[in-house]
Number of protein chains: 2
Amino acid sequence: MSPKRKPTEQPDHKQTRLKTTTIFKNRDGLGDYIKNPESFPPSVVLYYNDDFVAVHDRYPKSSLHILLLPRDRSKSCLHPFDAFEDTQFLAKVREEIKKLRRVAAAELRRMYGKSSVQEETRREAMDEDPPPDELPEGRDWQSELLCGIHASPSMNNLHIHIISVDRYSPCLKHRKHYNSFATPFFIDLADFPLADDDVRRHPGREGYMQRDLKCWRCGMNFGNKFTRLKDHLEQEYEKWKVL
Amino acid sequence: MSPKRKPTEQPDHKQTRLKTTTIFKNRDGLGDYIKNPESFPPSVVLYYNDDFVAVHDRYPKSSLHILLLPRDRSKSCLHPFDAFEDTQFLAKVREEIKKLRRVAAAELRRMYGKSSVQEETRREAMDEDPPPDELPEGRDWQSELLCGIHASPSMNNLHIHIISVDRYSPCLKHRKHYNSFATPFFIDLADFPLADDDVRRHPGREGYMQRDLKCWRCGMNFGNKFTRLKDHLEQEYEKWKVL
DNA sequence: TATTCCGATAGTGAC
DNA sequence: GTCACTATCGGAATGAG
């Protein structure tokens with residue numbers, strides 16, 4: 001009955017900005033972290049400094065899901081497409097992400113190292129008495145991480161996601177949750193700055209969120225059967241974590 | 001993903017017949033009534049004779065919802081459009097419905113007579129000692145009944161609905177329930193035999209079930225808001241029954 | 001357009 | 001595309017010795 005809104009020529013993210021003003025406090029839920037990082041327990045805030053806060057996502061969409069929040073208010077209020085136009089800022093974020101990836105990788109080792117076969121020789125070396133000067137590398141946990149942003153963020157404060165690849169979490173509850181981390185809607189930080197004609201600037205037009213559900217690991221297509229995807233993700237998770 | 005089935009030139013009810021063969025026992029749920037009416041308690045079977053069984057609908061869509069079931073197997077297995085081509089049969093059904101309407105009206109009087117203002121003088125007369133020879137007519141409960149069939153029945157045994165106009169029942173659970181008794185999908189028995197070009201022969205094409213929800217009493221349009229219609233129907237019911 | 005169960009889809013409201 | 005809640009919409013199974 002209500003006709004579809006005719007798309008305009010404006011990039012998607014500009015339209016979104018206009019619609020999501022600060023009347024919605026719920027979309028400003030990350031603001032407290034950058035204003036008062038010290039008020040949160042270590043289980044929530046991994047660390048903070050003058051320029052960044054790293055927090056565990058309150059509704060993680062993978063078994064590990066961290067957010068890096070730039071504290072600069074003049075950047076935090078921008079869409080990532082615009083914020084990362086500033087190459088100096090982008091470089092600074094990349095520097096911090098480089099550190100945070102090591103932190104996140106260490107977290108994955110803590111979570112899964114005991115059961116991962118690729119950690120076996122490292123585990124054995126650590127158990128030696130005395131341990132050797134140099135430990136085997138073990139599993140490359142950094143390669144199990146994704147770092148990037150959503151083409152159309154719903155939280156107003158600029159945030160960069162660092163998630164493990166598993167997409168296994170009770171908070172992942174519907175198709176858009178999954179597709180926001182499993183389609184070009186998720187843009188790797190390495191892809192910035194974005195070309196002017198990059199199609200990912202128009203996530204709505206491209207229909208990323210409505211795409212068929214496809215397993216990140218084996219590519220199996222689940223159409224719109226989210227529940228079946230969820231079952232499958234659990235199976236893939238169990239296999240992935242012990243590699 | 002699955003393309004819409006192309007409609008054929010066949011009338012809707014012929015197509016339906018082909019699809020709903022007797023492999024679906026659930027669509028033959030009325031068969032026991034005409035085979036063994038004596039095996040049901042009076043709370044289920046109002047009465048039966050050699051040719052008809054009158055039962056309370058197991059899932060009533062109004063506060064009173066009765067089905068008249070012709071027992072003749074050669075008619076019971078037909079679509080009502082075809083069964084009522086036989087004018088002699090149609091006449092016999094009409095005769096029975098005439099009786100059943102009186103039974104149903106008496107039932108409505110039993111249900112609502114005590115609270116209906118139009119029954120007031122009749123109630124007072126009955127309470128006199130001795131009662132007068134002739135009671136006031138009271139409310140015309142027959143005018144609160146609808147008698148007819150569905151343009152595309154889902155139960156295979158031929159059945160004629162006798163329902164009170166209120167459409168107030170916990171079993172009325174979705175749009176199609178309501179629209180099957182509030183659009184031309186419901187065809188009054190008086191309208192038979194149907195003209196060859198009667199549009200109601202093509203209920204699917206006409207989209208009766210997908211129509212906006214409109215109150216039978218005040219005409220208010222509820223679009224697809226079934227729950228709001230339900231609330232409204234309760235209000236209308238409370239006003240209607242005390243008229 | 002039989003019911004029932006399950007699940008996918010859609011709109012809202014949140015201060 | 002934040003969550004959480006409600007409700008609408010959509011498919012599949014339904015029995016049976």
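Chain letters run A, B, ... following the sequence lines, proteins first, then strands; residues in each count from 1. Note that the coordinates shown come from a computational prediction; the quantities given were computed from them, not determined experimentally.
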**Request:** Quote, to the nearest angstrom, the C1' distance that separates D/dG15 from C/dT3.
**Result:** 14 Å
**Asked** Taking atom C1' of D/dG1 as reference, at what distance in whole Å does atom CG of A/Leu172 sit?
**Response** 13 Å
**Request:** Respond yes when some side-chain nitrogen or oxygen of B/Asn26 is under 4.0 Å from OP1 or OP2 of D/dG15, and no when none is.
**Result:** no
**Asked** Taking for each residue the nucleotide of DNA chain C bearing the nearest heavy atom, is the 5' side occupied by B/Arg175 or by B/Lys225?
**Response** B/Arg175
**Message:** Taking the ring centre of each residue, are B/Phe40 and B/Tyr33 less than 6.0 Å apart?
**Reply:** yes
**Prompt:** Counting only side-chain N and O atoms of B/His174, is one of them less than 4.0 Å from OP1 or OP2 of C/dT1?
**Reply:** yes
**N or O in side chain of B/Thr227 less than 4.0 angstrom from D/dT8 OP1/OP2** = yes
**Message:** Tell me whether the rings of B/His65 and B/Phe181 are parallel (<30°), tilted (30 to 60°) or perpendicular (>60°).
**Reply:** perpendicular
**Asked** Within the structure, does a side-chain N or O atom of A/His177 lie under 4.0 Å from either OP1 or OP2 of D/dT2?
**Response** no
**Message:** OP1 or OP2 of C/dT4 versus the side-chain N and O atoms of B/Lys173: is any pair under 4.0 Å?
**Reply:** yes
**Prompt:** Has B/Lys61 got a side-chain N or O lying under 4.0 Å from the OP1 or OP2 atom of C/dT3?
**Reply:** yes
**Message:** Below the 4.0 Å mark, does D/dG1 have OP1 or OP2 next to a side-chain nitrogen or oxygen of A/Asn179?
**Reply:** no
